[in-house]
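Just so you know, ligand 1 is whichever comes first in the structure, and atom 1 is the first atom listed for that ligand. Numbers here are sequence positions counted from 1.
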Amino acid sequence: MARRLTGFTPSGDLHLGNYIGAIRPIVEAQRHAVDGSTDTVIFISDLHALTNEHEPATVRRRTLEFARLLLGAGTDPERCLFLVQSHVPQHTELHYLLECATGYGEARRMIQFKEKAAKQAHDHVRMSLLTYPILMAADILLYDTDEVPVGDDQKQHVELARDIAGRFNSCYGQTFTLPRVVNPPIAARLKDLASPEAKMSKSSASTSGLLFLLDSEEALRRKVMRAVTDTGDEVFYDPEAKPGVSNLLDILAACTGGDPRELSGHFDRYGELKSAVADVVIDTIAPIRKRYDELATSDEREVRAVLRRGAAQARDLGEEKLRRVKEAIGLLEP
Ligand code: TRP
């Protein structure tokens, strides 16, 4: 079976877009797995949260929060590999070795690097912002990943991982599986409710258009009711002409499993559509939130023990992989 992997960076709060686009698909794939399977790898990429200015206490708090939310959303540690990146030193060890197979120009060309670096003074741009796609390649290649389900913004990074793997294989012999991007469905790319031309992103400057998994029901309803809509008052699906309304229909479709075009026929007015969206959003998030709350009030040691077990399993896999990489690249065995 193909191995799928995805990472969640604790640099902002998880929202409905993350759930629909990334968490739900990977949790569903894992549900079909047999016990003890490692065909699905779900990890918290805490090291990636250090590439921009960060608050140490916040990264630590969010890492545990993400673990609880991912478990609350259905991650089953018996049926996947579930870990925190920094608990598995092989990620960073492989990162260095892959840096030795990556060109400076290649890293420098990454669109996300260019965009983020352009917003900061040179001396404030962390080196890790430049090299982070190579760490991402290490995350992917360490586990011989076949499929990486990511949105458009991360596609280039997965392609870089594929290029690095191919180059390494041709220079040093067959070592890595070539990963490929699998695209989440269109409807999974939810937009910001307050500015429907932008993706719902946890690094967005304003949070008024983001539906966080830890928002209260009142907050979720308020954000949906205040969503920016379009001129006119008719409800129909047309992402170009009606980005706001179409986004609401996409959310409705993503939560209920319907088709946005077909669903549009059920509503005469924007207000009706918004109330329906608020209801399904709350229905979708409430069970995750309930399990999150249970995990948050129970003993923290339980969640941490789950993470420790996942890391131990990952270290075993990673160590074996690294042994082969080191041999291929020319390091003397100790
Ligand atoms: N960079 C990804 C993000 O910010 C998270 C991530 C880290 C990831 N390593 C990965 C995703 C490997 C897929 C595969 O969203």
Side-chain angles (χ1 to χ4, degrees), residues 2-27 29-30 38-52 54 59 62-63 66-67 69-70 75 80-88 90-95 98 102 107 110-113 115-116 126 128-165 176-184 188-190 199-204 210 213 310 314 317-318 321:
R3 181 176 276 164
R4 276 193 173 207
L5 166 142
T6 199
F8 297 92
T9 304
S11 57
D13 294 321
L14 288 171
H15 53 68
L16 186 70
N18 299 130
Y19 176 66
I20 300 290
I23 304 175
R24 194 173 66 179
I26 201 143
V27 163
Q30 157 227 251
T38 56
D39 291 334
T40 305
V41 184
I42 303 175
F43 71 101
I44 301 169
S45 37
D46 56 346
L47 296 170
H48 292 283
L50 312 182
T51 55
N52 291 299
H54 75 286
V59 172
R62 271 208 188 108
T63 300
F66 272 39
L69 274 171
L70 289 166
T75 296
C80 70
L81 203 53
F82 181 52
L83 56 115
V84 172
Q85 187 186 29
S86 68
H87 296 177
V88 182
Q90 285 81 5
H91 285 247
T92 41
E93 211 179 340
L94 182 58
H95 175 203
L98 295 181
T102 311
M110 292 295 114
I111 294 161
Q112 202 183 54
F113 171 75
E115 284 176 359
K116 288 193 176 174
R126 295 184 177 174
S128 52
L129 186 66
L130 175 65
T131 61
Y132 123 94
I134 311 168
L135 178 57
M136 198 167 144
D139 301 337
I140 295 169
L141 302 182
L142 185 64
Y143 300 103
D144 286 320
T145 304
D146 300 287
E147 299 179 346
V148 189
V150 287
D152 285 342
D153 59 327
Q154 295 292 328
K155 215 172 143 191
Q156 199 188 22
H157 296 161
V158 180
E159 278 157 10
L160 176 69
R162 189 180 170 88
D163 290 346
I164 297 173
F176 293 118
T177 300
L178 300 190
R180 65 176 179 277
V181 174
V182 292
N183 274 111
R189 280 173 241 146
L190 304 186
K199 195 180 111 158
M200 198 179 282
S201 159
K202 57 184 156 59
S203 47
S204 150
L210 307 187
L213 299 184
L317 284 174
K321 187 79 209 174

(request) Would you check, one step at a time, whether the test side chain to side chain donor-acceptor pair (under 3.5 Å) holds for Arg62 with His54? (result) CA-CA 12 Å; Arg62 271 208 188 108; His54 75 286; over 6 Å; no
(message) As a test of reading the model: which residues have a non-hydrogen atom less than 4.0 Å away from ligand 1?
(response) Leu5, Gly7, Thr9, Phe43, Ser45, His48, Tyr132, Met136, Asp139, Ile140, Val148, Val150, Gln154
(message) Measuring from atom NE2 of His157 to atom CE of Met110, what distance do you get when rounded to the nearest 0.5 angstrom?
(response) 6.0 Å
(request) Determine yes or no for a side-chain-to-main-chain donor-acceptor pair under 3.5 angstrom, with Glu147 supplying the side chain and Ala2 the backbone. (result) no
(message) To the nearest 0.5 Å, what is the distance between CG on Asp13 and CG on Leu213?
(response) 9.0 Å
(message) Taking side chain to side chain donor-acceptor pair (under 3.5 Å) as the definition, give me every residue that meets it alongside His91, ordered by chain and number, with sequence neighbours left out.
(response) Asp139, Tyr143
(request) Evaluate the criterion salt bridge (charged side-chain N to carboxylate O under 4.0 Å, His left out) for residue pair Lys321 and Asp144; output intermediate values, then yes/no. (result) CA-CA 9 Å; Lys321 187 79 209 174; Asp144 286 320; 2.8 Å; yes
